[in-house]
Amino acid sequence: MKVEPAAYSIDDLKRDGTTRWDGVRNYQARNFMRDEMRAGDRVLFYASNAEPSGVTGLAEVSREAVPEKKDPTWVMVEIKFVKKFPHTVSLETLKATKGLENMVVTKKGSRLSIQPVTKGEYDIVVKLGTM
DNA sequence: GCCAACGTTGGC
DNA sequence: GCCAACGTTGGC
């Protein structure tokens with residue numbers, strides 16, 4: 001899940017414990033939340049437009065998608081804080097790491113705010129973030 | 001601040 | 001249904 005840290009950071013999530021992930025206004029991203037995200041799924045928390053941009057920590061889906069009250073076309077999930085990495089796993093690092101060649105976020109023009117991650121990719125990023 | 005890579009909108 | 005114009009995202 002991607003967000004600009006000026007809008008919401010891993011520190012904000014740590015402080016809040018859980019947060020509602022609403023406001024997504026892209027159909028593909030919505031469908032990922034609705035169809036793919038299940039309670040207990042781990043989430044790579046990605047800071048975009050940051051210095052450096054990259055994965056800053058981990059979250060977990062604590063509530064599956066429900067329609068937004070004001071605009072039921074769209075859905076929100078709830079995520080909870082899991083951990084903040086001791087250092088950001090930068091996009092540069094992601095791009096340079098073997099095994100992440102196909103990770104969506106490393107692709108050019110990858111703007112979706114919700115992106116699928118494979119188990120293999122997840123494990124590699126966690127290893128990078130915690131070492 | 002620039003600009004590539006989209007997604008959306010609306011005229012036709 | 002096509003596509004130009006426009007808006008947004010986000011790396012750099």
Item to check | Phosphate OP1/OP2 of C/dT9 contacted by A/Tyr46 side-chain N/O (<4.0 Å) | outcome: no

Item to check | Any A/Lys2 side-chain N or O less than 4.0 Å from OP1/OP2 of C/dT8 | outcome: no

Rounding to a whole Å, what distance do you find between [X]:[atom1] and [N]:[atom2]?
{"X": "A/Asn49", "N": "B/dC2", "atom1": "CG", "atom2": "P", "answer": "16 Å"}
{"X": "A/Leu91", "N": "C/dG10", "atom1": "CG", "atom2": "C1'", "answer": "10 Å"}
{"X": "A/Phe32", "N": "B/dG7", "atom1": "CZ", "atom2": "P", "answer": "11 Å"}
{"X": "A/Arg25", "N": "B/dT9", "atom1": "CZ", "atom2": "C1'", "answer": "17 Å"}
{"X": "A/Trp74", "N": "B/dT8", "atom1": "CH2", "atom2": "C1'", "answer": "11 Å"}
{"X": "A/Asn26", "N": "B/dA5", "atom1": "CG", "atom2": "P", "answer": "18 Å"}

Next on the checklist: Using a 4.0 Å heavy-atom cut-off, does A/Glu4 contact any base of the nucleic acid, only the sugar-phosphate backbone, or nothing at all?
Outcome noted: nothing

Next on the checklist: Test of understanding: clusters of I, L, V, M, F, W, Y form through side-chain heavy atoms closer than 4.5 Å, transitively. Do A/Ile114 and A/Leu13 belong to the same one?
Outcome noted: yes

Checklist entry - Would you say A/Glu101 has more than 12 foreign heavy atoms packed within less than 6.0 Å of its CD? => result yes

Next on the checklist: Using 30° and 60° as the class boundaries, would you call the ring planes of A/Trp21 and A/Tyr8 parallel, tilted or perpendicular?
Outcome noted: perpendicular

Next on the checklist: Is it true that A/Ser48 and A/Glu4 share a donor-acceptor pair across their side chains at a distance under 3.5 Å?
Outcome noted: no

Checklist entry - What do the steps show when you test A/Glu78 against A/Thr19 for side chain to side chain donor-acceptor pair (under 3.5 Å), and what is the final call? => result CA-CA 6 Å; A/Glu78 185 191 84; A/Thr19 195; over 6 Å; no

Item to check | From B/dG7, C/dG10, B/dT8, nucleotide with atom closest to A/Gln28 side chain | outcome: B/dG7

Checklist entry - Which of residues 105-118 of chain A have a heavy atom under 4.0 Å from DNA chain B? => result A/Lys108, A/Gly109, A/Arg111

Checklist entry - Would A/Phe81 and A/Asp16 satisfy side chain to side chain contact (heavy atoms under 4.5 Å, CB included), going step by step from the backbone distance to the final call? => result CA-CA 8 Å; A/Phe81 177 78; A/Asp16 295 342; over 6 Å; no

